There are 2 protein chains.
Amino acid sequence: MTEQIVSLDVTDVRFPTSRELDGSDAMNPEPDYSATYVTVRTSGGAEGHGLAFTIGRGNEVQAAAVSALAPLVVGQSVPELLGDLGAFNRRLVNDGQLRWLGPSKGVIHMAAAAIDNAVWDLAGRIAGKPVWRLLAEMSPEQLVSLVDFRYLRDALTPEEALDILRAAAPGRAERTEHLLAHGYPAYTTTPGWLGYTDEKLVRLAKEAVDDGFRQIKLKVGADAEADARRLRLAREAVGPDIRIAIDANQAWGVTEAIERLRPLAPFDPYWIEEPTSPDDILGHAAIRRAVAPIRVATGEHCQNQVVFKQLLQAEGIDILQLDASRVAGVTENVAILLLAAKFGVPVCPHAGGVGLCEMVQHLAMFDYVAVSGTTENRVIEYVDHLHEHFTAPVTLRDGHYLAPLTPGLGAELHPASVADHRYPEGPVWRETT
Amino acid sequence: MTEQIVSLDVTDVRFPTSRELDGSDAMNPEPDYSATYVTVRTSGGAEGHGLAFTIGRGNEVQAAAVSALAPLVVGQSVPELLGDLGAFNRRLVNDGQLRWLGPSKGVIHMAAAAIDNAVWDLAGRIAGKPVWRLLAEMSPEQLVSLVDFRYLRDALTPEEALDILRAAAPGRAERTEHLLAHGYPAYTTTPGWLGYTDEKLVRLAKEAVDDGFRQIKLKVGADAEADARRLRLAREAVGPDIRIAIDANQAWGVTEAIERLRPLAPFDPYWIEEPTSPDDILGHAAIRRAVAPIRVATGEHCQNQVVFKQLLQAEGIDILQLDASRVAGVTENVAILLLAAKFGVPVCPHAGGVGLCEMVQHLAMFDYVAVSGTTENRVIEYVDHLHEHFTAPVTLRDGHYLAPLTPGLGAELHPASVADHRYPEGPVWRETT
């Protein structure tokens with residue numbers, strides 16, 4: 001009998017990060033990093049794990065959305081599912097009634113992400129390959145079949161996508177070797193959380209440089225004087241050759257962003273991340289024109305490929321920050337990588353959170369091997385939180401992510417971590433609520 | 001003791017409309033029109049009712065999102081809440097953890113809509129006024145205090161909003177009288193559902209004209225030949241002087257929309273609604289440039305005021321179709337009406353669904369009395385579904401909505417209708433599932 005998906009389990013897992021102000025920024029002052037954790041199982045005994053990242057309250061709403069999509073997965077034939085992951089993703093995103101809840105945005109789209117990622121994890125495990133390698137060994141035609149071109153054709157046609165992938169095909173083997181030997185460049189956000197003291201910021205910034213990072217990131221956007229003081233302290237701590245990105249987490253309007261960035265320019269920030277609403281495509285373009293040479297970056301809250309398409313068409317961004325679980329998983333991210341390649345914009349994935357580092361490294365590495373073919377001006381975000389809860393945590397060496405070798409996507413949590421942090425019944429929460 | 005909000009109840013109510021293909025279109029073939037129905041109660045015994053509209057599956061996710069926001073309402077002082085509804089809406093939309101689920105889009109934003117609408121209904125009942133009149137009697141300063149300008153200032157400043165409202169103030173009394181005497185123009189979508197036969201389409205189109213409507217609407221976007229045939233039949237049925245709007249419900253890409261509209265132009269469609277993704281601001285602008293004089297309309301799926309701002313900035317729409325429960329309720333719709341007035345674009349609200357006609361009439365009538373000051377080229381959508389379930393259903397006469405006189409927003413369902421249609425335990429569903 002054909003192997004089938006026999007179950008989809010979803011668990012509300014929350015880590016009490018607000019107790020230490022890890023992850024604090026201008027718009028998210030007290031996050032409890034959380035995961036809507038999804039496990040699919042097959043009749044053959046295989047498993048796949050995926051997740052959507054949230055920051056605490058509302059993770060139960062996210063879990064309810066995953067449950068609403070579960071009937072589209074459970075009972076499916078595994079060979080048919082894995083044989084056409086593009087068609088599967090389109091079914092997830094276009095259900096005739098559930099689509100109304102988005103369309104393709106917010107809770108219902110992140111639920112599609114968690115499931116799509118779990119199915120890619122399953123595909124990697126069945127193939128015995130990490131997902132970056134599974135993707136990098138697919139043919140250009142297979143990769144193009146993943147993309148839903150319905151709303152993309154005015155910016156990227158299937159033929160153009162094929163051309164991009166075929167142009168990158170000859171160097172795949174060589175770049176794979178290079179990746180396995182040297183890893184992929186990272187930057188770190190660890191020093192710069194808004195809740196940290198100046199002393200902690202300076203100490204962690206220096207440690208980051210000692211650890212081999214060539215770029216760090218600071219949160220800004222609350223108090224203007226504090227922004228300038230902290231950026232100056234960081235610049236003094238790391239010297240002129242280390243890139244310092246700054247991140248306002250959507251705190252500003254368009255005009256305000258331009259005004260608030262002016263006094264920060266002397267400290268040479270490399271990029272300004274999320275200067276305003278992630279929905280404001282024209283606003284990003286206006287800010288970018290006004291603040292150059294400071295680069296404009298966004299993406300972690302961009303809801304889907306249609307918004308990324310327009311950010312590129314409008315020349316609104318210098319850096320595209322894809323996210324593993326905001327858009328509909330690995331499948332939609334393949335489309336976003338192709339769009340970025342078409343427009344020549346480097347992708348620097350958003351990470352941190354819960355398991356985002358573990359997942360996005362696959363996308364950046366696939367991009368290097370088979371899409372853009374370069375790591376120039378490309379870095380994956382790194383935050384040293386919560387990796388100990390994953391069965392295959394990321395490995396960093398000298399400011400680089402080492403290529404993961406474990407089959408799958410990397411989002412599997414230790415069963416004990418899940419048991420401890422289940423909300424609200426896990427012991428971590430029972431003790432405090 | 002100060003009056004407080006003592007409870008917020010949320011109920012999953014679904015109507016089995018898919019059995020008759022009422023509401024069928026190119027992207028939503030079999031909707032079961034549903035409401036996430038919200039009731040707030042005060043310690044003084046007052047009630048407010050609001051809802052978010054969905055089309056079936058996933059209404060339970062919507063209900064979970066309302067429950068997640070409930071702690072922001074329950075326990076609040078009623079005088080403080082009603083004294084600063086702008087501040088209340090900003091708290092609903094900007095909760096430090098729940099914001100991550102949007103921000104300001106999809107399930108969590110529609111939940112904010114249901115609650116915001118319930119609180120406006122409460123405000124209207126306490127004041128003894130229909131909400132259109134409550135709004136139309138607020139001072140320009142009070143109205144401006146409702147708006148969250150954080151992401152709007154590059155398109156609309158508080159000073160400009162005040163100027164718009166002050167300019168409209170002198171004629172308020174006269175327009176109120178006119179509205180009470182003559183009502184507000186409507187158009188009807190009843191003839192044009194995609195699942196209807198040609199014979200039914202022609203019959204209902206003629207009936208609409210006999211009933212006094214000067215505009216009807218047809219669904220298009222599935223089969224190209226059928227689109228042309230149905231539009232021709234409708235034009236022959238109603239003659240050259242009745243406006244026929246067409247609605248593709250997001251079925252097309254940008255290039256495809258332009259190609260599909262060309263053969264329909266000879267039948268003089270008045271507007272093309274939702275030609276492509278509601279997220280594609282630049283796409284709407286490109287389509288609009290290509291298909292003029294056919295007007296471009298969208299809005300029922302536009303997630304928030306930031307997207308409407310850009311549709312106006314990019315000259316992407318000729319008609320703005322606000323929705324009662326997609327954006328964060330009456331409060332955010334005041335901002336959207338002001339944006340539309342600033343850019344001189346007429347607002348023709350989306351309605352139908354469950355209770356949307358009952359709610360949006362208040363917004364259009366407020367716009368006429370106190371914002372744009374005109375009904376020229378403005379019509380409220382009308383669909384003759386499900387009104388019998390409301391305690392204060394809309395009243396139409398000679399193709400016009402009569403101004404509602406009942407205090408509140410009009411979203412209260414008959415208790416028996418709620419009991420019958422609760423999902424999944426109501427008798428309507430128990431008999432069939």
Side-chain angles (χ1 to χ4, degrees), chain A residues 18 27-32 34 53-58 60-65 67-68 94-111 149-154 250 252-256 276-283 286 301 303-304 306-307 309-310 313-314, chain B residues 18 27-32 34 53-58 60-65 67-68 94-111 149-154 250 252-256 276-283 286 301 303-304 306-307 309-310 313-314:
Chain A
S18 64
M27 298 294 275
N28 312 294
E30 295 183 293
D32 286 321
S34 303
F53 169 59
T54 78
I55 61 171
R57 285 188 295 280
E60 78 284 4
V61 182
Q62 193 57 63
S67 298
N94 290 317
D95 175 85
Q97 295 189 349
L98 292 169
R99 185 180 183 279
W100 192 270
L101 301 184
S104 298
K105 59 182 65 75
V107 167
I108 196 70
H109 210 50
M110 295 196 280
F149 285 96
R150 181 194 287 252
Y151 297 134
L152 299 188
R153 281 195 186 83
D154 57 319
Q250 314 166 24
W252 300 321
V254 174
T255 317
E256 192 184 6
T276 190
S277 164
D279 308 334
D280 199 343
I281 293 148
L282 301 176
H301 275 86
Q303 64 209 33
N304 60 40
V306 176
V307 173
K309 177 188 79 165
Q310 293 173 86
Q313 289 174 318
Chain B
S18 63
M27 299 294 276
N28 312 295
E30 295 183 293
D32 286 320
S34 301
F53 169 58
T54 76
I55 61 171
R57 284 189 295 281
E60 77 284 5
V61 181
Q62 192 57 62
S67 298
N94 291 317
D95 175 85
Q97 295 189 347
L98 292 168
R99 187 180 183 278
W100 192 269
L101 302 184
S104 298
K105 58 182 66 74
V107 168
I108 196 71
H109 210 51
M110 293 195 283
F149 285 95
R150 182 195 286 254
Y151 297 135
L152 298 189
R153 282 194 185 82
D154 58 318
Q250 314 167 23
W252 301 320
V254 174
T255 317
E256 191 183 7
T276 189
S277 163
D279 307 334
D280 200 344
I281 294 148
L282 301 176
H301 275 86
Q303 65 209 32
N304 60 40
V306 177
V307 172
K309 176 187 79 166
Q310 294 173 85
Q313 289 174 315

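Here is the naming used below: chain letters follow the sequence lines, and residue numbers restart at 1 for every chain. Here the structure is a predicted model, which means the values were calculated and not measured.
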> Going through the checks in order, is the side chain to side chain contact (heavy atoms under 4.5 Å, CB included) test met by K309(A) and L282(B)?
Replying inline: CA-CA 10 Å; K309(A) 177 188 79 165; L282(B) 301 176; over 6 Å; no
> What's the verdict on side chain to side chain contact (heavy atoms under 4.5 Å, CB included) for S277(B) and Q250(B), showing C-alpha distance, side-chain angles and the deciding distance?
Replying inline: CA-CA 5 Å; S277(B) 163; Q250(B) 314 167 23; 5.7 Å; no
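Annotation: maximal heavy-atom pairing with chain B below 4.5 Å, among D279(A), V61(A), D154(A), V107(A), occurs at D279(A). Most heavy-atom pairs under 4.5 Å with chain A: of the set G106(B), A111(B), P103(B), G56(B), this distinction falls to P103(B). Interface check for chain A: of the options D95(B), L152(B), T255(B), the most heavy-atom pairs under 4.5 Å are formed by D95(B). Options I108(A), T276(A), L98(A) differ in how many heavy-atom pairs under 4.5 Å they form with chain B, and the most are formed by L98(A). Ranked by heavy-atom pairs under 4.5 Å with chain B, the list H301(A), Q97(A), Q62(A) is led by Q97(A).
For P278(B), the part sitting under 4.5 Å from any heavy atom of chain A is the side chain, from C-beta outward, and nothing else. Residue contact with chain A, scored on non-hydrogen atoms closer than 4.5 Å, involves the backbone and the side chain of R150(B) alike. At a 4.5 Å heavy-atom cutoff, the contact between A314(A) and chain B is made by backbone and side-chain atoms alike. With a threshold of 4.5 angstrom between heavy atoms, D32(B) approaches chain A through its backbone and through its side chain. Looking at F53(B), both its backbone and its side chain come within 4.5 Å of chain A, counting heavy atoms on both sides. For Q303(B), the part sitting under 4.5 Å from any heavy atom of chain A is the side chain, from C-beta outward, and nothing else.
Of all non-hydrogen atoms in V254(B) and A286(B), the two that sit nearest each other are CG1-CB, 4.1 Å.
Counting only heavy atoms from C-beta outward, the side chains of K105(B) and V307(B) never approach each other to under 4.5 Å.
Distance check, rounded to the nearest 0.5 Å: CG of D280(A) to CD of Q310(B) gives 4.0 Å. Note that CH2 of W100(B) is 11.0 Å distant from OG of S34(A), once rounded to the nearest 0.5 Å.
Every residue meeting the side chain to side chain contact (heavy atoms under 4.5 Å, CB included) condition with E256(A), not counting sequence neighbours, appears here in chain and number order: W252(A), R260(A). Residues satisfying the side chain to side chain contact (heavy atoms under 4.5 Å, CB included) test with E60(B), not counting sequence neighbours, are A68(A), D12(B), R14(B).
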